[in-house]
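Scroll down for the structure; my scribbles are underneath it.
As a basis for the values below, the full set of heavy atoms in this structure was taken, side chains included, without hydrogen atoms, waters or symmetry mates. In this text, all values refer to a predicted model and were calculated from it rather than measured experimentally.
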Amino acid sequence: MRHEPNVYTLPAELVQQPGNLPAHCSRHGNEAVKRVDFALQSKVEIEGNRALSGNVLSTTDRLGQRAKKVRVTNVKGWPLCRECVRFRAFWLTIALVMFAGGLLAFAGSLLVGIVADTSTVQAFAGVAIVGFVVMIASAFPFHRAGMARLVGAATSADGQSIVIVRPSPAFAAELPRP
Ligand SMILES: [Zn+2]
């Protein structure tokens, strides 16, 4: 099914059954070395006036709206090539190292704070802050490693299909035709 150039949609029930997806990856068009299952979310446009949404109550309301509107497709057997696998492993490793390193620096500094004298505690306060920031910042490489970003797909707003943007020609050629 083709709606506009380079955007393909597939029925959700099709991708939730293993064995219906191409043998080449959607990003590079290389032969798949691995098949993965993952949950693919829909992108959500939050309604409401942002200027009026400053208070906690409406923020909670917006989060509630978001939870209600996110549709998830449990994709089965998505093809990943060697490069896809390497890309994902690379960014996951960075995220993990940043998170673990940040946590260690943060928790370690707190421990030092309990046992050390005042001047040492001051020196370690900076380490604790840096550790905390690095820990939070690990969300960025983690996001880069995410399947949705890697494969260039999302679940449609109504949850009935998945939308693949600019897949590789090899992947697109093997998509099932209605
Ligand atoms: Zn690939």
Closest heavy-atom pair, S168 versus G29, reported as atoms and distance to 0.1 Å, is OG-CA, 3.2 Å
Looking only at non-hydrogen atoms, find the nearest pair between H24 and F171 and report the distance. O-CD1, 3.0 Å
Using modelled atom types only, decide if a donor and an acceptor are shared between the side chain of E174 and the backbone of A23 within a distance under 3.5 Å. yes
Out of L40, N20, I162, I164, which one pairs with V15 under the side chain to side chain contact (heavy atoms under 4.5 Å, CB included) rule? I162
Should M98 and P141 count as side-chain neighbours, where that means a heavy-atom distance under 4.5 Å? yes
Using 0.5 Å steps for rounding, measure from the SG atom of C25 to the CZ atom of R35. 11.0 Å
To the nearest 0.5 Å, tell me how far R149 CZ sits from R27 CZ. 7.5 Å
L150 and C84: which non-hydrogen atoms are nearest, and at how many Å? CD2-O, 3.9 Å
Output the distance between atom CG (L104) and atom OG (S109), rounded to the nearest 0.5 Å. 9.0 Å
Side-chain donor/acceptor of D37 to backbone N/O of G77, under 3.5 Å: yes
Separation between CD (Q160) and CD (E13), nearest 0.5 Å, reads 7.5 Å
Residues in ring-ring contact (aromatic ring centres under 6.0 Å, His included) contact with F106, at least two apart in sequence or another chain: F132
Would you say the side-chain atoms of R144 pair up with the backbone N or O of F87, donor to acceptor, closer than 3.5 Å? no
Quick one: CG on L14 to OG1 on T73, what's the gap to the nearest 0.5 Å? 11.5 Å
List the residues meeting side-chain contact (heavy atoms from CB on, under 4.5 Å) with V130, not counting sequence neighbours, and say none if there are none. V134
Is the shortest side-chain heavy-atom distance between V75 and T155 below 4.5 Å? no
